[in-house]
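All remarks here apply to the structure that follows.
Reminder, nothing fancy here: chain letters follow the sequence lines and each chain counts from 1.
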Amino acid sequence: MKILVPITKVPDTTSKIAFADNNTKFNSDGVTFIMNPTDEWYALTRAVELKEANAGSEVVVINVGAADNEQIIRKALAIGADRAVRVDANPTDAFFVASQIAAYAQTENFDLVITGKETIDFNSFQVGGMVAELLDWQAVGLVNKLEVAGTTATLTREIEGGTETVETSLPLVVGATKDLAQARIPNMKGIMGARTKAIQVVPVTAVESRTEITSFTLPEKAKQVKLVSPDNVGELVRLLHEEAKVI
Amino acid sequence: MAILTFVEVSEGKIKKASLEAAAYSSKIAETSGAESVAVVLGEASADEVSSLGKVGVKVVYHAADARFNTFNSKVYSKAIAEAADKASAELVVLSFNQNGKFLGPRIAVRLSAGYIPGASELPVLEGGKLSAKKNVFSGKASATYQIVTAKKVVALTPNSFPIVKGEGTATVEAFSPSVSDADFGVKVKSVDKVTGTIPLTEAEVVVSGGRGLKGPENWWMIEDLAKEMGAATACSRPVADVDWRPHHEHVGQTGITVRPNLYIAVGISGAIQHLAGVNQSKVIVVINNDPEAPFFKAADYGIVGDAFEVMPKLIEEYKKFKAAH
Ligand SMILES: Cc1cc2nc3c(=O)[nH]c(=O)nc-3n(C[C@H](O)[C@H](O)[C@H](O)COP(=O)(O)OP(=O)(O)OC[C@H]3O[C@@H](n4cnc5c(N)ncnc54)[C@H](O)[C@@H]3O)c2cc1C
Ligand SMILES: Nc1ncnc2c1ncn2[C@@H]1O[C@H](COP(=O)(O)O)[C@@H](O)[C@H]1O
């Protein structure tokens, strides 16, 4: 089985969010970047688990980003990816990213592309679906279980108020969410091994962006909580009805 | 021009999130002089489909084909793009719900359209471009996205646009998209759904519990209040991790994002990863015995007190309120 895992870097969840250039750019001063959590913990780890369970399999990670993305790529190799591809570009929008991934996927016979469900910075949830459409493959999103037997995949995905188990065939794009795998911490052997694994740098495929972010806004100001005494709970109900008008 | 809304049905019923999307399209149509058209895939009664007229839809293309009863992003994307062509739609709107999240980007690629995932407000149309706001950084900021292509796709965040129903019935046209059997090919093996309760992502009120509740045997407090209020129940991640509650109830950065009118958090500290899933709620109530709990900083109303004392009182007070209103 050949599995492609797109990975990206995002600001650490505890980062202070600030903007620069008249609120048109994310201010990355002092921000620590990490591998997008769903990419690392679920998409990549499940890919590595599937590889370990199926002899002769290969896991390739792909990143669309500048040279400073190599740190997260090395981590992915340490977790167990066999090799890595970096498309040397600064992503302009999701369609641009998806086009690069799809273009690379077409050069090799992958059975599976496993993306994270969304990145935690733009929460945009686009790349997986776009790659699937560009490749004209089936795709299942919000997946928390994935089993493969031959060319049949059985997946459990989140739906409103529960889960649904579906069956479909490879090739397939999967959007990973929590519980798809048990996150791993890279061990010394993995870290040492990652140093010698190849990172292939491929040139960008020209694509025009279809969207742009024109400005960012921060929430107005911190809320001021109105406290109600525990001895006067009825007051809370009154406030929710008369003041907040939500009941 | 026309605006096409993809309206999802589940067991023959229109989903609430889709009604919101249709109402949103109709509002844009009204201000821009366009026609509001919808497409429904899968079986549903004629009455159900034509009731979209109540939210301003004029024409519905209905593919009443049982094969569409199962969601499949590949075949849905083909059918919806075909409906968009048929209507000469410049804008396609759908809900940013579980299915919509994987479908929106596919439709956009198919139509060579720019796409906004999770708009939370009405768009601004100007000089052939469309801009709309969406939340970014897990709710810690918002960004204005602009689509620069001629065709556009917008996915609307659930519970961010009100459904205002008027009079009217939509004209229903039979629609048979040219898709092949090979485009289907996703089979549902089983569904594991909590029945009789409100889906978390659609709920207007959510009552949520954290580790402060000490154990699953105390969840009656959450459930009873939720039942009285017609609310959905949710929990923090550690609670789901130790199996006090099912995982599909866990909200936050690694769980579900909710946006109810009212979120009541009981015995939850308010860690940043938890807030990421709930901070778009309109009103937040926090009940916690620690006045320093970070959740109070994100709350509109709070009670500093022991949940085991406050919750039974709150249930009683709510019952009284309900009886009086
Ligand atoms: C990368 C990452 C992702 C994460 N994703 C999520 C996520 O998606 N969702 C999520 O929820 N968490 C997530 N977490 C975990 C998060 O950081 C917190 O640990 C978690 O939210 C805490 O859950 P809690 O508030 O229920 O428990 P605790 O932090 O243990 O808080 C319990 C609270 O209950 C209060 N309490 C105790 N007794 C009582 C009483 N008798 N009456 C009233 N109040 C009482 C306490 O004062 C305390 O504030 C994530 C963590 C990481 C590192
Ligand atoms: N620049 C990128 N390079 C590689 N993969 C990416 C990139 N951006 C996003 N992805 C993948 O697409 C998923 C969804 O991202 P998004 O659609 O941007 O929310 C991520 O979890 C990654 O798996």
Lys226(A) side-chain N/O to Ala299(B) backbone N/O, donor-acceptor pair under 3.5 Å
no
Give me the atom names and distance for the closest heavy-atom approach of Ala139(A) to Ser73(B).
O-OG, 3.3 Å
Just so I understand: if I count every heavy-atom pair under 4.5 Å between each of Ile272(B), Ile256(B), Thr149(B) and chain A, which residue has the most?
Thr149(B)
Do Ile120(A) and Gln253(B) come close enough that some side-chain heavy atom pair is under 4.5 Å?
yes
Which pair of non-hydrogen atoms, one from Thr168(A) and one from Gly185(B), has the smallest distance, and what is that distance?
OG1-O, 2.8 Å
Do any N or O atoms from the side chain of Gln138(A) and from the backbone of Asp183(B) form a donor-acceptor pair under 3.5 angstrom?
yes
Between the side chains of Glu160(A) and Lys15(B), is the shortest nitrogen-to-carboxylate-oxygen separation below 4.0 Å, so that they form an ion pair?
yes
Those residues at least two apart in sequence (or on a different chain) that pass side chain to side chain donor-acceptor pair (under 3.5 Å) with Thr13(A) are none
Measuring heavy-atom distances to chain B, does Ile213(A) have an atom under 4.5 Å in its side chain, in its backbone, in both, or in neither?
both
If you look at every heavy atom in Arg210(A) and Ala113(B), which pair is closest and at what distance?
CD-O, 3.7 Å
Where on Ser209(A) is there a heavy atom nearer than 4.5 Å to chain B: the side chain, the backbone, both, or neither?
backbone
So that I can tick it off, tell me whether Lys140(B) and Asp121(A) are bridged by a salt bridge, with the cut-off set at under 4.0 angstrom between side-chain N and carboxylate O.
no
For Met130(A) against Val109(B), the heavy-atom pair lying closest together:
CG-CG2, 3.5 Å
Could you walk me through whether Thr217(A) and Ser142(B) pass the side-chain hydrogen bond (donor to acceptor under 3.5 Å, both in side chains) test, one step at a time?
CA-CA 5 Å; Thr217(A) 359; Ser142(B) 56; 3.3 Å; yes
Side-chain donor or acceptor of Asn261(B) paired with backbone N/O of Val246(A) under 3.5 Å:
no
Given Phe321(B), Tyr301(B), Tyr318(B), the one that forms side-chain contact (heavy atoms from CB on, under 4.5 Å) with Leu240(A):
Tyr301(B)
Aromatic centroids of Phe137(B) and Phe122(A) separated by under 6.0 Å:
yes
To the nearest 0.5 angstrom, please state how far the CZ atom of Phe96(B) sits from the OG atom of Ser124(A).
7.5 Å
Closest non-hydrogen atoms of Pro230(A) and Val310(B), given as atom of the first, atom of the second and distance, are CB-CG2, 4.0 Å
Stepwise side chain to side chain contact (heavy atoms under 4.5 Å, CB included) test for Val136(B) and Phe216(A)
CA-CA 9 Å; Val136(B) 292; Phe216(A) 290 99; 4.2 Å; yes
For Val233(A) against Glu317(B), the heavy-atom pair lying closest together
C-CG, 4.1 Å
